There are 2 protein chains.
Amino acid sequence: MSLPHAVLTSLLEKSTSGYDLARRFDKSIGYFWHATHQQIYRELARMEAAGWVEGLVPPDAGKTRKKHYRVLPAGRAELARWAAEPTAPMDLRDAFTVKLRADAVLDEVDLSAELARHLALHEERLAQYRAIQQRDFPPVQARTRPEALQYMILKKGMLYEEGEIAWGREMLALLRA
Amino acid sequence: MSLPHAVLTSLLEKSTSGYDLARRFDKSIGYFWHATHQQIYRELARMEAAGWVEGLVPPDAGKTRKKHYRVLPAGRAELARWAAEPTAPMDLRDAFTVKLRADAVLDEVDLSAELARHLALHEERLAQYRAIQQRDFPPVQARTRPEALQYMILKKGMLYEEGEIAWGREMLALLRA
DNA sequence: TGCTCCATGTAACACGTTACATGATTGC
DNA sequence: GCAATCATGTAACGTGTTACATGGAGCA
């Protein structure tokens, strides 16, 4: 399980509130590790109990309940420990592919509209990635090591979306034929 | 949720026992929808209670407990119903990518050995896919519709592995630099 | 005899999802 | 004044994971 470690990573990138973290998990880090706001609040409570993070309502906060979380040394150590242990490669659970197999055995389903919808979503996400690339990254030579790593993560996302799009277009042509 | 539908699909492709189904979910359909044998036994029991499948110990079975499952009309109808409803695109939960982000903020981790291990796994799986392609598929012109769909599923898997491998090689060079 | 694999399952628990609750703040 | 959004949470439930149990079959 890695949700707490994804949260630690995101908090180290920038400390913030549970609410803002949850929004980050709807984009950014969420493109590689999805989680809902309830999961995040639950993990933050656990990690605070474990001494990995600390959540404080700033003294100048007035009536707002907004808590600011930051990673404690024990949390940083835990993240380093986890990063060094082996991981299984990602398991896929792709419902659309199962539907294609169902189509192949049933032969009474039309998946073309659904595929067209997915295709549009992938194209939109690829466009977002490209915008981030333009906005946030200096040319190759000028990149620091962290920037180079983050660029490669973005590139992985772009490769994935490009693959989905290329495959989706070919598949759509076949379904419509 | 789609596990029962993945099981129905696999059973329609070929009726069999829970044990053999579990093994299929360790390869074949399992490359797109992963599940353990406990999940499969649980789902089979539920689906039998719902009248979607029927499990019988063949009369000539002797002492073996092996049950043969087959899909009933209600199960087929349920699969068709599910296939026609919209699906969310796959959520990713890629621990290795999170580790890269952790590396970028911690700068005290060496992920190169782990990446090399993953790369080898992806290369192995790609080789498996290519062997299946050679073994099971006639040339493009001679394919039936089900064959064409199954080929596209395999192709999706190959595209994915090729992307992982290309990205992994570039990433490995960067980590070792 | 002991080992591995076949075959099905129970139990406990952790994780993920969905629905709902509460109250403050911002914008029209 | 009202609606939407901010911000945090509780509760219930369903799915996924891990550990263990049981007994037969094949084989050295």
Side-chain angles (χ1 to χ4, degrees), chain A residues 1-8 10-11 15-27 29-30 32-50 53-58 60-69 82 87-95 98, chain B residues 1-8 11 15-26 29-30 32-50 53-58 60-69 82 87-95 98:
Chain A
M1 211 274 302
S2 316
L3 176 57
H5 305 99
V7 172
L8 287 171
S10 194
L11 276 179
S15 352
T16 187
S17 64
Y19 187 84
D20 286 336
L21 260 178
R23 301 216 314 185
R24 267 187 223 166
F25 273 79
D26 269 345
K27 43 181 177 35
I29 199 165
F32 301 99
W33 197 279
H34 178 261
T36 63
H37 88 268
Q38 290 82 352
Q39 281 178 276
I40 288 163
Y41 282 121
R42 181 157 69 187
E43 274 322 315
L44 284 171
R46 283 176 191 167
M47 292 199 293
E48 191 165 22
V53 301
E54 184 183 47
L56 296 171
V57 179
D60 61 338
K63 285 184 206 160
T64 171
R65 292 185 297 162
K66 188 168 179 171
K67 268 190 229 168
H68 190 91
Y69 283 93
W82 171 78
T87 336
M90 178 171 49
D91 279 337
L92 302 179
R93 284 199 168 112
D94 183 354
V98 176
Chain B
M1 209 274 302
S2 317
L3 177 57
H5 305 99
V7 172
L8 287 171
L11 277 180
S15 334
T16 186
S17 64
Y19 186 84
D20 286 335
L21 260 179
R23 301 216 314 185
R24 268 188 223 165
F25 273 78
D26 271 344
I29 199 164
F32 301 98
W33 197 278
H34 178 260
T36 63
H37 89 268
Q38 291 81 351
Q39 282 178 276
I40 287 162
Y41 282 121
R42 182 158 68 188
E43 276 319 316
L44 284 172
R46 284 176 189 167
M47 292 199 293
E48 191 164 21
V53 301
E54 183 184 48
L56 296 170
V57 180
D60 61 339
K63 286 185 209 161
T64 170
R65 291 185 298 162
K66 188 169 179 169
K67 269 191 230 168
H68 190 91
Y69 284 92
W82 170 78
T87 336
M90 177 170 52
D91 279 337
L92 302 179
R93 283 199 169 112
D94 183 353
V98 176

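Throughout, a chain's letter reflects where its sequence line sits, starting with A, and its residues are numbered from 1. Since the structure is predicted, the reported quantities are computational estimates derived from the model, not experimental observations. Values below: every heavy atom of this structure, side chains too, minus hydrogens, waters and symmetry copies.
- Atom pair A:Asp26:CG and D:dT5:C1' shows a separation of 14 Å (rounding to whole Å applied).
- Between the CZ atom of B:Arg46 and the C1' atom of C:dT10 there is a distance of 14 Å, given to the nearest Å.
- When the C1' atom of C:dC6 is taken as reference, atom CG of B:Leu21 falls 15 Å away, rounded to whole Å.
- For the pair B:Tyr69/B:Leu21, no side-chain contact is recorded, criterion being any heavy-atom separation below 4.5 Å from C-beta on.
- No donor-acceptor distance shorter than 3.5 angstrom exists from the side chain of A:Glu43 to the backbone of A:Ile40, with no hydrogens or angles considered.
- If you check D:dT22, D:dG16, C:dC15 against the side chain of B:Arg65, the one that comes closest is D:dT22.
- C:dA7 atom C1' lies 11 Å from atom CZ of B:Arg23, rounded to whole Å.
- Mapping B:His34 and A:His68 onto DNA chain D by nearest heavy atom places A:His68 closer to the 5' end of the strand.
- When the side-chain nitrogen and oxygen atoms of A:Tyr41 are compared with OP1 and OP2 of D:dT8, one or more of them lie within a distance under 4.0 Å.
- The distance from atom CG of A:Leu44 to atom P of D:dG9 is 9 Å, rounded to the nearest whole Å.
- Of the candidate nucleotides D:dT10, C:dG16, C:dG9, C:dG16 has the atom lying nearest to any side-chain atom of B:Arg93.
- Taking only side-chain nitrogens and oxygens, B:Arg42 never comes nearer than 4.0 Å to OP1 or OP2 of C:dA12.
- In this structure, A:Tyr19 does not reach the D:dT8 phosphate: none of its side-chain N or O atoms is under 4.0 Å from OP1 or OP2.
- Residue B:Gln39 places at least one side-chain N or O closer than 4.0 Å to OP1 or OP2 of D:dT17.
- The phosphate of D:dA25 (OP1 or OP2) has no side-chain N or O of B:Lys66 nearer than 4.0 angstrom.
- Straight-line distance from the NZ atom of A:Lys67 to the C1' atom of D:dC6: 15 Å, rounded to whole Å.
- Of the residues near DNA chain C, B:Asp91 and B:Tyr69, the one whose nearest nucleotide (by heavy atom distance) lies more toward the 5' end is B:Tyr69.
- Rounded to whole Å, the distance from CD on B:Glu43 to P on D:dT17 is 13 Å.
- With C:dT8, C:dT18, D:dT8 as the candidates, the nucleotide lying closest to the side chain of A:Gln38 is C:dT18.
- Of the possible donor and acceptor atoms, none in the side chain of A:Ser2 sits under 3.5 Å from a partner among the backbone N and O of A:His5.
- Counting heavy atoms from C-beta on, the side chains of B:His68 and B:Leu56 never come closer than 4.5 Å.
- For the pair A:His37 NE2 and D:dT5 C1', the computed distance is 13 Å after rounding to whole Å.
- Looking only at side-chain heavy atoms (C-beta outward), A:Met90 and B:Arg93 stay at 4.5 Å or farther from each other.
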